[in-house]
Undergrad: 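The structure that follows is given in the form of structure tokens.
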2 protein chains.
Amino acid sequence: MNIGEVAERAGLPAKTIRYYEDIKLIRPARDGNGYRAFSETDLHKLTFLSRARALGFTIENCRALLALWEDQSRASSDVKRIAGEHLDEIDRKIADLQSMRDTLGELVRDCAGDGRPDCPILTGLGKPRS
Amino acid sequence: MNIGEVAERAGLPAKTIRYYEDIKLIRPARDGNGYRAFSETDLHKLTFLSRARALGFTIENCRALLALWEDQSRASSDVKRIAGEHLDEIDRKIADLQSMRDTLGELVRDCAGDGRPDCPILTGLGKPRS
DNA sequence: GGTTGACCTTCCAGTAGCTGGAAGCACCAT
DNA sequence: ATGGTGCTTCCAGCTACTGGAAGGTCAACC
């Protein structure tokens, strides 16, 4: 398989796949002409990466997960720990965004949004953090 | 005011303040010794930036907001539009994270997390995006 | 007057995870 | 032979800082 096909099937840009090879997440073989030759296993790994990245795992976590995926004698507890920590991270991010949303939502709500210069958003932003 | 004091009072690292000068968000005066000399207005701007960044506005949005803040003849509708768009952006991010959370939460829930290698998280990540 | 230590300066490099673009082969169809 | 598409490498840039080195300045203490 050439990079175009594998990109299509894994749902990743070719550029990203080359980058993943660069940072050694995958090590595809090469054809005589210098083209990358992807195996079914490579495709599977890339699909895995595509999914994991879409779920917000960092590249380094992806690397760890991929290593576990390849290790037939892994303990599922190791996987669960990484995923669980990431879940907590996501929860923290959601909470942060919620709190931003609440604060900003208030400011926007209180702003007349007309032609006059008075604006509670600007006033609110000028005050030290509460 | 030197950078240390203003950093303390605005709640920003000195490094960040130097960076903000670099990208021309602020233009503090200089003392004879080469030290930056911050005015009360500079402090106010930095407090503004600190708050706006904490609410997730991009630097470029901060620049626009700061310009409006300085423009006595602004229309509050301009401010409200920027803030409203950012609010939508935050909502989109929250929705994305929620959907990640849901998917990942299911996988984690279904994983035994013991010493055995079988792991629905790894299996789930290997499948194409649903 | 000398010395310490805190504070300030600039400049360079690195972070995460790609993405865009240039220059140049390879392959296939006409 | 020619045109178009796809592949290759390499270099630069994105966001918003952050760390660190090398060196100047200031105030205090002995």
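Just so we're on the same page: letters track the sequence lines, and every chain starts at 1.
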Undergrad: Expressed in angstrom and rounded to an integer, what is the separation of A:M1 atom CE from D:dG6 atom C1'?
TA: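 That distance rounds to 17 Å.
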
Undergrad: Provide, to the nearest angstrom, the distance between the CD1 atom belonging to A:I17 and the P atom belonging to D:dG6.
TA: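 From A:I17 CD1 to D:dG6 P: 14 Å.
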
Undergrad: Which one, C:dT10, D:dT25, D:dT8, comes nearest to the side chain of B:R30?
TA: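 Among the listed nucleotides, the one closest to the side chain of B:R30 is C:dT10.
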
Undergrad: Could you tell me how far apart B:K15 (NZ) and D:dT15 (C1') are, to the nearest whole angstrom?
TA: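 Going from NZ in B:K15 over to C1' in D:dT15 covers 17 Å.
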
Undergrad: Measure from the side-chain heavy atoms of A:T16 and tell me the nearest of C:dG21, D:dA16, C:dC18.
TA: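 Looking only at side-chain atoms, A:T16 lies closest to C:dC18.
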
Undergrad: Looking only at side-chain atoms of B:R53, point me to the closest of C:dC7, D:dC17, C:dG17.
TA: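 Nearest listed nucleotide: D:dC17.
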
Undergrad: Between C:dG17, D:dC7, D:dC17, which nucleotide has the shortest distance from any of its atoms to the side chain of A:I59?
TA: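 Of the candidates, C:dG17 comes closest.
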
Undergrad: Nearest whole angstrom, please: distance from the P of D:dC10 to the CZ of A:R18.
TA: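 Rounded to whole Å, this separation is 12 Å.
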
Undergrad: Measure the distance from CD1 on B:I23 to P on D:dC14 and round it to the nearest whole Å.
TA: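 Checked: the CD1 to P distance equals 12 Å.
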
Undergrad: Measure CZ/A:R63 against C1'/C:dG17 and give the value in whole Å, please.
TA: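 The answer, rounded to whole Å, is 12 Å.
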
Undergrad: Which residue, A:Y19 or A:N33, contacts DNA chain C at a nucleotide closer to its 5' end, judged by nearest heavy atom?
TA: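 Nearer the 5' end of the strand: A:Y19.
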
Undergrad: Tell me whether B:T123 contacts the main-chain N or O of B:C119 through its side chain, where contact means a donor paired with an acceptor under 3.5 Å.
TA: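 Pair found, side chain donor or acceptor close to backbone of B:C119.
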
Undergrad: Hey, which of A:I59, A:T16, A:L25, A:L65 is the one that makes side chain to side chain contact (heavy atoms under 4.5 Å, CB included) with A:L49?
TA: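 Looking at A:I59, A:T16, A:L25, A:L65, the match for A:L49 under the side chain to side chain contact (heavy atoms under 4.5 Å, CB included) is A:L25.
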
Undergrad: Scan side-chain atoms only and decide if B:D102 and B:S99 contain a donor-acceptor pair under the 3.5 Å cut-off.
TA: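 Short answer, no.
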
Undergrad: I want to verify a distance call: between C:dC8, C:dG17, D:dC7, whose nearest atom is closest to the A:T58 side chain?
TA: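 From the listed options, C:dG17 comes nearest.
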
Undergrad: Would you call B:R63 and B:I23 a side-chain contact if the rule is heavy atoms closer than 4.5 Å?
TA: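 A side-chain contact under 4.5 Å exists here.
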
Undergrad: Measure the distance from CG on A:D22 to P on C:dT19 and round it to the nearest whole Å.
TA: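 To the nearest whole Å, that distance equals 14 Å.
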
Undergrad: Taking 4.0 Å as the cut-off, does a side-chain nitrogen or oxygen of A:Y20 come that near to OP1 or OP2 on C:dC18?
TA: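 Yes.
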
Undergrad: Atom CZ of A:F57 and atom CZ of A:F48: how far apart are they, to the nearest 0.5 Å?
TA: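 If we round to the nearest 0.5 Å, A:F57:CZ and A:F48:CZ are 8.0 Å apart.
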
Undergrad: To the nearest Å, give me how far apart OH (B:Y35) and C1' (D:dA27) are.
TA: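 After rounding, the reported distance stands at 11 Å.
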
